Amino acid sequence: MTTTPATAADESRWEDGYGFMFPKRHAYLGPSGKHIYFADSQLDAAQLALVIGKSGQVFAEDAAATFAVSDTGVLDAELLTSLATFPNAISAAALTAADAELWYYSPTTGQLAYANVADFIAGKSLGVREAAARPITDYTFAKLVADPNRPVLYGLDTAKRVVVSVDSQSGLALQSVVVGSRPTDLEIDASGANLYTGHLDTLAVAQIDAKSLGFVRFITTPRVTNDIAPLSGDRIATIDQDQWTSPTLIDLVTGKTLDYKYWANYGGALAATADGNKLFVNDTAGNSTTVSRYDVSAGKLTQVAHDENNGGGPGLAVTPDGTSVYVWARCLDGTNLTDVRYGQSDRIYSVTPNGKLAIGGWEVFRVADGALLATLKAGCSVQAVSPDSSTLYCASSSGIVTFPLRGLQ
C-alpha cells in the first residue's frame, strides 16, 4: 500500500461564521477512503474543502461507505440522516464479519455489546436522496419559491432537510429531495433550470434539477451559506449567518470563488435584481442597519452605493429593477440607498415580479407610493408569488393557502 503525501491543496479550513473552536478533535477515515470524519463533521476525503455536514463523532463505516456508526446511532453515510439511535451514547465501535456485525461500547452502561447490522438498516434504502413526497401537511416550510415556467412551487423543510415540489394548482406535494445539513435558504435561477439551497453545517451550495427534483451536486464554498442569491452569468452570491459575514461570489460552473468582501459585521442578508446584475447586501447589528449595492455583472463585487445606520431591522427585499429596496418596513431609494421613500407598518417579504406590489406578513402595499391595498386573512411570513404576479402563495400548517393579487393592480 502506498500513500501520497498531502499537498497544500489537501487541507480544509472552515468556520461557521462565529469563529468558535470545535469542541472535539476525534478523526476517523472510512475504509473506502471516501469519507473522513472530523470535529463532528463528515468531509469528502478527495476534496477536504467540502465539509458535507454534521455526523456526530463517528467510529466506524462500512467498506462500501453506505452507513456509519456515530456516538448516538447509525447514519446513512451518504445523506447523514439517522437510520437508528442507541439507547445510550457510545464511545467506541467496530464492524466485523464483513460489516455484518457491530460491536460497540457505552461508557454509560460500562458494557461492550454487539448487534447484527441488519437490525439497524434492513429494509432501508441507503444513499437515495429523491423520493415521492409525503402529504403536504407532514412538512413545515421555512422557504417557498415559485417556478418561473411551470405551475410548481418548491418548499424547504429545514427540520427534515428536504426540498419538496408542490403542484401550485392542486396544492399536492409531488417529490422530495434530501439536501445538506441544516439547510437555511432556497432559491431558483431565472431560467427555472436549477434550485439551490444554502446551509449552516454543509460548506457548500446544493444544486437540484428543478424539473426532475433530482440532486445534481454540492458546490463547495469557503464559508457557510446562510443566505444565497442566484446571479447572472452562472454565478451565485452567498453570505454567512452571523459575525464577520462576508458576501461571496461563486462560479457555479467551476465552483471557484470569484470575489468576496470581508464585512466584519453581523446578520447578513442578500437580494438580487431580476437580471442578476445587481446585488444588495443588508447587515444588521442591534438597531444599526447597513445596506450596500454591488454591480456583479462582471463577476466582481463592485460597490456602487452604501448607507449606514439607517435604522430598520433584519430582512431584505428589492423590486425587480432595483429602484426600491425594503429593509424591514422601510422603503429606500435603490439608487443611492440614503433616501427613505416611505415607511410601512409591516415587514416586506416579497415584491411581485411585475414590480407593482410589496407584500408583508399581514399586508399588501403599492410599491409606487407605499399605500396599503389589502390585509391578509392570516399571517404569511413564508410566501411566494406566481410568475404572472396574480397570486400569493402562503405556506401554513394546513398546506398552501392562496391569496388573489390581480384585483389589486
Side-chain angles (χ1 to χ4, degrees), residues 50 52-53 78-79 81 128-134 136 139-168 171-221 224-239 248-253 255 269-276 279 320 349-350 353 382-387 393 395 400:
L50 175 53
I52 300 171
E78 184 68 23
L79 309 185
T81 52
V128 179
R129 292 185 179 273
E130 300 84 1
R134 303 176 184 179
I136 196 167
Y139 301 103
T140 300
F141 295 135
K143 188 69 184 287
L144 198 65
V145 298
D147 192 298
N149 304 316
R150 297 174 285 270
V152 177
L153 303 170
Y154 305 95
L156 173 65
D157 187 319
T158 56
K160 291 183 173 63
R161 290 179 45 206
V162 295
V163 171
V164 180
S165 59
V166 179
D167 186 309
S168 62
L172 294 176
L174 304 173
Q175 298 289 323
S176 69
V177 58
V178 177
V179 293
S181 291
R182 278 214 290 172
T184 54
D185 196 16
L186 171 68
E187 300 290 346
I188 191 168
D189 61 26
S191 70
N194 293 294
L195 292 155
Y196 299 95
T197 60
H199 312 83
L200 291 184
D201 288 338
T202 296
L203 225 62
V205 171
Q207 180 181 355
I208 303 162
D209 181 274
K211 185 176 182 179
S212 66
L213 211 69
F215 182 84
V216 179
R217 59 173 175 156
F218 283 125
I219 302 166
T220 307
T221 56
V224 297
T225 55
N226 182 59
D227 198 17
I228 59 176
L231 304 171
S232 63
D234 291 320
R235 296 183 285 263
I236 196 168
T238 71
I239 198 166
T248 304
L249 291 188
I250 307 292
D251 187 307
L252 290 169
V253 177
L270 304 175
T273 52
D275 62 7
L279 177 70
Y349 289 94
S350 302
V382 180
Q383 60 183 240
V385 181
S386 62
Y393 302 100
I400 303 298

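Below, all heavy atoms of this structure are taken into account, side chains as well, without hydrogens, waters or symmetry copies. Predicted, not measured: the structure shown is a model, and the values here were computed from it.
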Side chain of Ser232, backbone of Gly276: donor and acceptor closer than 3.5 Å? yes

Has Asp201 got a side-chain atom pairing as donor or acceptor with Gly53's backbone, closer than 3.5 angstrom? no

Any chance you could lay out the side-chain contact (heavy atoms from CB on, under 4.5 Å) test for Val162 and Val177, step after step, and finish with the verdict? CA-CA 5 Å; Val162 295; Val177 58; over 6 Å; no

According to salt bridge (charged side-chain N to carboxylate O under 4.0 Å, His left out), who are the partners of Asp227, at least two apart in sequence or on a separate chain? none

Positive for side chain to side chain contact (heavy atoms under 4.5 Å, CB included) with Tyr196, one of Thr238, Ile250, Leu252: Leu252

Can you name the closest pair of heavy atoms from Asp147 and Gly192 and give their distance? OD2-O, 4.1 Å

CZ on Arg217 to CG on Leu50, rounded to 0.5 Å: 11.5 Å

Scan Thr197, Asp189, Asn194 and name whichever one has a side chain to side chain donor-acceptor pair (under 3.5 Å) with Gln207. Asn194

Are the side chain of Asp185 and the backbone N or O of Ile228 linked by a donor-acceptor pair below 3.5 Å? yes

Residue set satisfying ring-ring contact (aromatic ring centres under 6.0 Å, His included) with Tyr349, at least two apart, ordered chain then number -> none

Taking the side chain from Arg129 and the backbone from Gly214, do they hold a donor-acceptor pair closer than 3.5 Å? no

Please find the pair of heavy atoms, one from Ala204 and one from Thr225, that lie closest to each other, and give the distance. O-OG1, 3.4 Å

Atom CZ of Phe218 and atom NE2 of His199: how far apart are they, to the nearest 0.5 Å? 5.5 Å

Thr184 side, atom OG1; Leu156 side, atom CG - distance, nearest 0.5 Å: 7.5 Å

Please report the shortest heavy-atom distance between Leu231 and Ala272, naming the atom on each side. CD2-CB, 3.7 Å

Which pair of heavy atoms, one from Pro353 and one from Ser386, lies closest together, and at what distance? CG-O, 3.6 Å

Are Leu144 and Ile400 close enough, and set up right, to give a side-chain contact (heavy atoms from CB on, under 4.5 Å), and what steps lead you there? CA-CA 10 Å; Leu144 198 65; Ile400 303 298; 4.2 Å; yes

Are the side chains of Ile208 and Leu213 in contact, using a 4.5 Å heavy-atom criterion? yes

For Val385 and Ser350, the nearest pair of non-hydrogen atoms, with its separation, is CG2-CB, 4.2 Å

Is there a donor-acceptor pair closer than 3.5 Å between any side-chain N or O of Ser168 and the backbone N or O of Leu153? no

Measuring from atom CD1 of Ile219 to atom CG of Leu203, what distance do you get when rounded to the nearest 0.5 angstrom? 13.0 Å

Any donor-acceptor N/O pair, Asn149 side chain to Ser191 backbone, under 3.5 Å: yes

Which heavy atom of Tyr154 sits nearest a heavy atom of Leu195, and at what distance? CD2-CD1, 3.5 Å

Just by distance, do the side chain of Tyr139 and the backbone of Arg134 share a donor-acceptor pair under 3.5 Å? yes

Non-hydrogen side-chain atoms of Asn226 and Ile239 separated by less than 4.5 Å: no

Is a side-chain donor or acceptor of Arg161 paired with a backbone partner of Val179 at a separation under 3.5 angstrom? yes

Which is it for Thr248 and Thr221 under the side-chain contact (heavy atoms from CB on, under 4.5 Å) test, yes or no, and what are the steps along the way? CA-CA 9 Å; Thr248 304; Thr221 56; over 6 Å; no

Between NZ of Lys143 and OG1 of Thr158, what distance do you get to the nearest 0.5 Å? 12.0 Å

Main-chain N/O of Ser212 paired to Gln175 side chain as donor or acceptor, under 3.5 Å: no

Would you check if the side chain of Thr202 reaches a backbone N or O of Ile52 as a donor-acceptor pair within less than 3.5 Å? yes

